[in-house]
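Read the structure below first, then the notes.
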Amino acid sequence: MNKLTPDAIQARIDRARAINASVDVGDVVGAVARLFDLDAVPGVEDEFTFPALATTARDRIFGGQVIAQAMVAAARTVDPDKRVHSLHAYFLRGGDETKPLHFRVHRDFDGRSFANRRVVVRQDGKVIFNLTASFQKPTPGFAHQVAMPDLLPPEECQDFLETIAADPNVSEDSFNHMARRRPFELRNYRPPAAAKATQHYQWFRAAAPIGDDPLVHQGFLAFASDMGLLSSAMLPHGLNWSTPGLFSTSLDHAMWFHDDVRVDEWFVYVMDSDWSGGSRGINRGSIYRRDGTLIASAVQEGLLRLVPQG
């Protein structure tokens, strides 16, 4: 597709803002919060379900959704004085939003300071995802962190709608879908393809209030941790998710929670990739509060395949 003219980009931005404004932001944020309202299976300990959606525009379930849901399922079986500090997960099969999900939690360990849980997620009787999470009772100790890089503030970064409007590879159908309301305000900095850079970053803030439950805020953070991370391994090759012929999907995901977070305040996801090869790429992320406090870290390996276009 040819490069878009400034007038064409502005017209797309205006259309995107109109599409975006047509949906109530509270409904969109509320839909994510409801992902964590898992139903206990009657008469069965440590098993939960999430109902099927009536319709979907996705080819498969968003990875951040099932990461967050499995983490919340695990947390519901742990003493409340212990908080999740790490999770490790594998995506095995693509899920379907129009079919129910089943979560089976295994209580592998309960100690005085730590607890460990495994969660197996099934759909149609087949395992699609598994996760191991560790929980710890808050304990004082040594503390250090790497300083937050020198970044542009969210107010000086490009709005997500402006990003998709300027991308000529985003088809009209994809554009209309992506311009809809999202649960987060998103502002990003992505270096030009010619720079062959490996680092980019994105600011997030929940688009509507979500209350004060720390687990819900952690759930939203886990949800957001799968947004944009895989594209880090595309950067050095001048690719992005809209490149024709590019197929990408997450293979695994690990996350560590370092400090309290409120996702209704700005936080930044600084992402980088130090390797790609064999149709796979490693992606690393550091998540900071606006005051520079490191609140979480993430690592993900993804599948990247580019099919030449005839």
Side-chain angles (χ1 to χ4, degrees), residues 64 67-68 71 83-89 114 133-160 163 184-207 210 212 214-237 240 250 252-276 281-302:
I67 292 169
M71 184 195 75
R83 302 276 293 276
V84 63
H85 72 87
S86 70
L87 59 85
H88 300 262
F114 288 88
S134 183
F135 298 77
Q136 182 191 20
K137 185 181 297 184
T139 307
F142 297 110
H144 80 278
Q145 71 158 76
V146 172
M148 185 171 76
D150 185 19
L151 309 173
L152 294 174
E155 294 82 7
E156 295 181 26
C157 291
Q158 190 172 53
D159 180 87
F160 177 74
T163 300
F184 290 96
E185 296 179 56
L186 300 174
R187 292 184 171 272
N188 63 281
Y189 172 79
R190 190 177 180 91
K196 304 295 184 184
T198 62
Q199 186 183 92
H200 62 122
Y201 54 90
Q202 187 157 295
W203 289 92
F204 290 76
R205 182 170 62 181
I210 61 169
D212 299 319
L215 182 59
V216 172
H217 283 264
Q218 287 179 317
F220 268 79
L221 188 64
F223 183 96
S225 71
D226 194 34
M227 298 176 68
L229 184 57
L230 181 52
S231 68
S232 306
M234 304 174 194
L235 270 177
H237 310 286
N240 63 42
S250 305
D252 62 10
H253 192 91
M255 190 171 184
W256 296 263
F257 298 83
H258 311 311
D259 208 331
D260 293 335
V261 60
R262 289 199 64 97
V263 297
D264 49 8
E265 299 172 356
W266 283 115
F267 62 93
V268 65
Y269 201 178
V270 182
M271 295 167 274
D272 202 346
S273 175
D274 51 12
W275 176 87
S276 64
I282 292 292
N283 310 272
R284 304 180 187 276
S286 298
I287 304 175
Y288 296 88
R289 286 202 297 257
R290 190 165 186 169
D291 66 4
T293 301
L294 182 66
I295 55 174
S297 302
V299 178
Q300 182 181 90
E301 186 174 41

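For the residue pair A233 and G281, the shortest heavy atom distance occurs at CB-CA, 3.9 Å. I282 and S273 make their closest contact through O-OG, 2.6 Å (heavy atoms, listed as atom of the first residue, atom of the second, distance). Across every non-hydrogen atom of V84 and A133, the tightest pair is CG2-CB, 4.4 Å. Smallest separation of non-hydrogen atoms from V263 and H217: N-ND1, 3.1 Å. Taking both residues in full, the closest heavy atoms of A224 and F267 are given as CB-CZ, 4.4 Å, listed atom of the first, atom of the second, then distance. In this structure, L221 and A296 approach most closely via the heavy-atom pair CD2-CB, 4.0 Å.
For the pair T293/Q145, a side-chain contact is recorded, criterion being any heavy-atom separation below 4.5 Å from C-beta on. Residues Q199 and Y189 have side chains not in contact (no heavy-atom distance under 4.5 Å, counting atoms from C-beta outward). You'll find the side chain of W203 stays beyond 4.5 Å of the side chain of E185, heavy atoms only. Between P149 and Y288 the shortest side-chain heavy-atom distance falls below 4.5 Å. Using a 4.5 Å heavy-atom threshold, the side chains of M271 and N283 count as separate. Counting heavy atoms from C-beta on, the side chains of F220 and F184 come closer than 4.5 Å. Side chains of R190 and T163 form no contact here, defined as non-hydrogen atoms less than 4.5 Å apart.
Between the S297 side chain and the S286 main chain, no donor and acceptor come within less than 3.5 Å of each other. Put simply, the side chain of R289 gets close to the backbone of D260: a donor and an acceptor are under 3.5 Å apart. A distance-only check finds a donor-acceptor pair linking the side chain of Y201 to the backbone of L152 [under 3.5 Å]. Remark: side-chain polar atoms of R187 are paired, donor with acceptor, to backbone N or O of C157 under 3.5 angstrom.
Rounding to the nearest 0.5 Å gives a distance of 12.0 Å between CH2 of W256 and CG of L294. Taking CZ from R205 and CG from L186, the interatomic distance works out to 11.5 Å, rounded to the nearest 0.5 Å. The NE2 atom of H88 sits 12.0 Å away from atom CE of M255, with the distance rounded to the nearest 0.5 Å. With rounding to the nearest 0.5 Å, the separation of CD in E156 from CG in L151 is 11.5 Å.
Between Y269 and F204, the ring planes are tilted. Angles from 30° to 60° get that label.
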Applying side-chain contact (heavy atoms from CB on, under 4.5 Å), run through H258 and I295 and close with a yes or a no.
CA-CA 5 Å; H258 311 311; I295 55 174; 5.6 Å; no
query = Does the side-chain contact (heavy atoms from CB on, under 4.5 Å) test come out yes or no for H200 and N188, once each step is laid out?
reply = CA-CA 8 Å; H200 62 122; N188 63 281; over 6 Å; no
| request: Assess whether side-chain contact (heavy atoms from CB on, under 4.5 Å) is satisfied between L87 and I67, documenting all intermediate values. | output: CA-CA 9 Å; L87 59 85; I67 292 169; 4.1 Å; yes
Applying side-chain contact (heavy atoms from CB on, under 4.5 Å) to R83 and F257, what does each step give before you reach the verdict? CA-CA 9 Å; R83 302 276 293 276; F257 298 83; over 6 Å; no
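When only modelled atom types and interatomic distance are considered, T198 and D272 share a side-chain donor-acceptor pair under 3.5 Å.
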